[in-house]
Amino acid sequence: MAAAQRTVIENCAIATVDANDTEYASGHLVLAGNRVESLGAGPAPGGLDDVVRRIDATGHLATPGLVNTHHHFYQWITRGLATDHNLFDWLVALYPTWARIDEPMVRAAARGSLAMMARGGVTTAMDHHYVFPHGSGDLSGAIVRAARDMGVRFTLARGSMDRGEKDGGLPPDFAVETLEDALAATEETVRRHHDASFDAMTQVAVAPCSPFSVSTELLREGAALARRLGVRLHTHGSETVEEEKFCHELFGMGPTDYFESTGWLGEDVWMAHCVHMNDADIAAFARTGTGVAHCPSSNARLAAGIARVPDLLAAGVPVGLGVDGTASNESGELHTELRNALLINRLGGHREAALTIRQALRLGTYGGARVLGRAGEIGSLEPGKLADLVLWRMDTLAHASIADPVAALVLGAPAPVTASFVDGRQIVRDGRLLTADEDEIARSTRAEARRLARIAAQG
């Protein structure tokens, strides 16, 4: 690290989100290569060698980069549809369209999803992709390449579905895989793309879609596959009352008990939503270390309910934030979820004591890193961790009169991102991507959305 080129950032407020929630009203950070070398109050120490850049960050707040724990990139090209539906009706309305996606569509949608998140402070993204229509091309490869080109740290949750309409599931039969094909393709994706190193830019998780689109065999064998390969597991869980009813009718037990019976609770597992959980469910997650991706905007959009986030946190359950697919959260931004998580949870039983502003920031940073199994590498600003961080501008009209910069970030209007660094490389400057042409991405996503709509209309 001593020989690495250094970037020095000074004169900014810093919220480290470390174990002690250490903050500095005016401090500095020194980045050496792809690591945080040092940070603290006041100006950077003098005499540093190999300083290639100095940033005067007066008027800014530095935080760890945001970590997204649940998303469906392909939905970027089906935004604004089925806007007044609950989850099951929404799925029935959109699956016939989603079942016609192909590789160019998925690449365009991935670029759109990643661009929107990156320009809004996300430095680690994930995508749960589970729709693989027959003959649609190398969808996983297209997604991984899009993330690599954008310069964002990335987890691909290679999803799968093997319960089509003929077996009582929701997706069309031609959009699901066989059990054998799903397992083989998932293993191949892990072997091609997963990097287990400390500073990995791409990791892969095993991710059958949900209890109502996946067979029990796929869940069980998927869990065994993930553990044999040493990767994490992800799925949807306890999202709606309809799902709970479905599990009781089909399996004779609720979602959490069903997941436990198939090997799907553990420190290597995280689930999206987890809205409808009783005390026993929360205790099971806490006992096993199972994580939760909380998606407040999507839960509200689909009228799923209010997740018991304060109770999950009090029990010690790892909780991060998720954008979810942009067909149920059209903004596609994670920094707005900080505010929505705080506000929506205060509508629940805990009222104003539900979440604090700093708990909301922790959900979007360290909490997400913990859920993805990367808390030792990202999620807080500490010496030795990877240099994934954001400089939020706090001296504009939108925020300048709020004395507490963390309150300004969480409760105020979306803050401008002056700079975003991933692995020590700057990918955003003054709110614009440095790694991609946003206008070109907008044109390509619009074209692919229109092409998909035409194909879907033709049946």
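With salt bridges taken as basic N to acidic carboxylate O contacts below 4.0 Å, one links Glu103 and Arg145. With respect to Arg153 and Asp195, no salt bridge is recorded, no charged nitrogen being found less than 4.0 Å from a carboxylate O. The pair Arg119-Glu438 meets the salt-bridge criterion, with a side-chain N (NZ, NE, NH1 or NH2) lying under 4.0 Å from an Asp/Glu carboxylate O. Comment: Arg374 does not engage Asp199 in a salt bridge, judged by the lack of any side-chain N to carboxylate O separation of less than 4.0 angstrom. A salt bridge does not link Arg339 to Glu333: none of the charged nitrogens lies less than 4.0 Å from a carboxylate oxygen. The pair Asp388-Arg425 does not meet the salt-bridge criterion, since no charged nitrogen lies less than 4.0 angstrom from a carboxylate oxygen. In summary, Glu187 and Arg192 do not engage in a salt bridge, as defined by a charged side-chain N under 4.0 Å from a carboxylate O. Under the 4.0 Å criterion applied to side-chain N and carboxylate O atoms, Asp102 and Arg451 are assigned as salt-bridge partners. Salt-bridge formation is not detected for the pair Glu440/Arg443: no Lys NZ or Arg NE/NH1/NH2 atom is positioned less than 4.0 Å from an Asp or Glu carboxylate oxygen.
Side-chain N/O atoms of Ser213 and Ser210 include a donor and acceptor closer than 3.5 Å. Counted by atom type alone, Ser140 and His129 present zero donor-acceptor pairs between their side chains at under 3.5 Å. Judged purely by distance below 3.5 Å, without hydrogens or angles, the side chains of Thr78 and Trp98 pair a donor atom with an acceptor atom. Between the side chains of Thr63 and Trp392, at least one donor N or O lies within less than 3.5 Å of an accepting N or O. Side chain to side chain, Ser331 and Asn329 meet the donor-acceptor criterion of an N or O pair below 3.5 Å.
Classified by interplanar angle (parallel below 30°, tilted 30° to 60°, perpendicular above 60°), the ring pair His71/Phe73 is perpendicular. Taking the six-membered ring for Trp and thresholds of 30 and 60 degrees, Phe88 and Phe246 have ring planes more than 60 degrees apart, a perpendicular arrangement. Between His236 and His70, the two ring planes are perpendicular [angle over 60°; tilted spans 30° to 60°].
When each of Asn345, Asn278, Asp279 is tested with Arg308 by the rule side chain to side chain donor-acceptor pair (under 3.5 Å), just one qualifies, namely Asp279. The only member of Asp138, Thr202, Thr189 that meets side chain to side chain contact (heavy atoms under 4.5 Å, CB included) when paired with Val144 is Thr202.
The backbone N or O of Gly320 lies less than 3.5 Å from no partner atom in the side chain of Arg370, so there is not a single donor-acceptor pair.
Of all heavy-atom pairs spanning Leu114 and Ala146, the tightest one is CD1-C, 3.6 Å.
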